[in-house]
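Inspection log for the structure reproduced underneath, given as structure tokens.
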Amino acid sequence: MMHTAVGWHVEMEFQEDDDHTRAVAMVRLPDGSEIRAHGQASRHRTDPNQPRVGEEIAGARALNDLAMQMLAKAHGEIDAASGRTSHPIHV
């Protein structure tokens, strides 16, 4: 039996100001589809300015959104292939 190695590359972009960080995650799947997801973080006025922390939080939230969208996509594909409504996919 032959196995095919598949790789996915996730791209992350950030936009920041002194108090907010926004992240966009994007993955291109082998079927040609692209999924984009967003996350954000806000610095409390009493917190020190730590841009890397904002990136980590916003990035994690974007990746979580990406994961949920991919689970929904897979669920839809399972339903389409089986012709019935399948059980929800849980994380």
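Any value given below was found using the heavy atoms of this structure, including those in side chains, with hydrogens, waters and symmetry copies removed. Fair warning: this is a prediction, and the values are worked out from it, not measured in the lab.
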Does the Gln69 side chain pair with the main chain of Arg36, one donor and one acceptor, at a distance under 3.5 Å? yes

Which pairs count as side chain to side chain donor-acceptor pair (under 3.5 Å) when at least one residue sits in residues 45-63, sequence neighbours excluded? His44-Thr46

Out of curiosity, does Val27 fall in the hydrophobic cluster containing Leu63 (side-chain heavy atoms, cut-off under 4.5 Å, transitive links)? yes

Could you grab the distance from atom CG of Leu29 to atom CH2 of Trp8, nearest 0.5 Å is fine? 5.5 Å

Taking C-beta and beyond as the side chain, do Thr21 and Ile57 meet within less than 4.5 Å on heavy atoms? no

Please answer whether the main-chain N or O of Asp18 pairs with a side-chain N or O of Arg43 as donor and acceptor at a distance below 3.5 Å. yes

One should read off an interatomic distance between Leu66 CG and Met26 CE, to the nearest 0.5 angstrom, of 10.0 Å

Does Asp65 use its side chain to pair, donor to acceptor, with the backbone of His38 at less than 3.5 Å? yes

Which atoms form the tightest heavy-atom contact between Ala62 and Ala37, and what is the distance? O-CB, 3.3 Å

Taking only residues two or more places apart in sequence or in another chain, which ones pass side chain to side chain donor-acceptor pair (under 3.5 Å) with Arg22? none

Linking I/L/V/M/F/W/Y whenever any side-chain heavy atoms sit under 4.5 Å apart, do Phe14 and Val10 land together? yes

On a heavy-atom basis, which atom in Arg28 and which in Glu11 lie closest, and how many Å separate them? NH1-OE2, 3.0 Å

Contacts of Glu77 that satisfy salt bridge (charged side-chain N to carboxylate O under 4.0 Å, His left out) - sequence neighbours left out: Lys73

Between CZ on residue Arg84 and CG on residue Asp79, distance to nearest 0.5 Å: 7.5 Å

Is there a side-chain contact (heavy atoms from CB on, under 4.5 Å) between Met70 and Ile35 once you walk through the steps? CA-CA 8 Å; Met70 291 179 69; Ile35 300 175; 3.6 Å; yes

On a heavy-atom basis, which atom in Gly59 and which in Met12 lie closest, and how many Å separate them? CA-CE, 3.4 Å

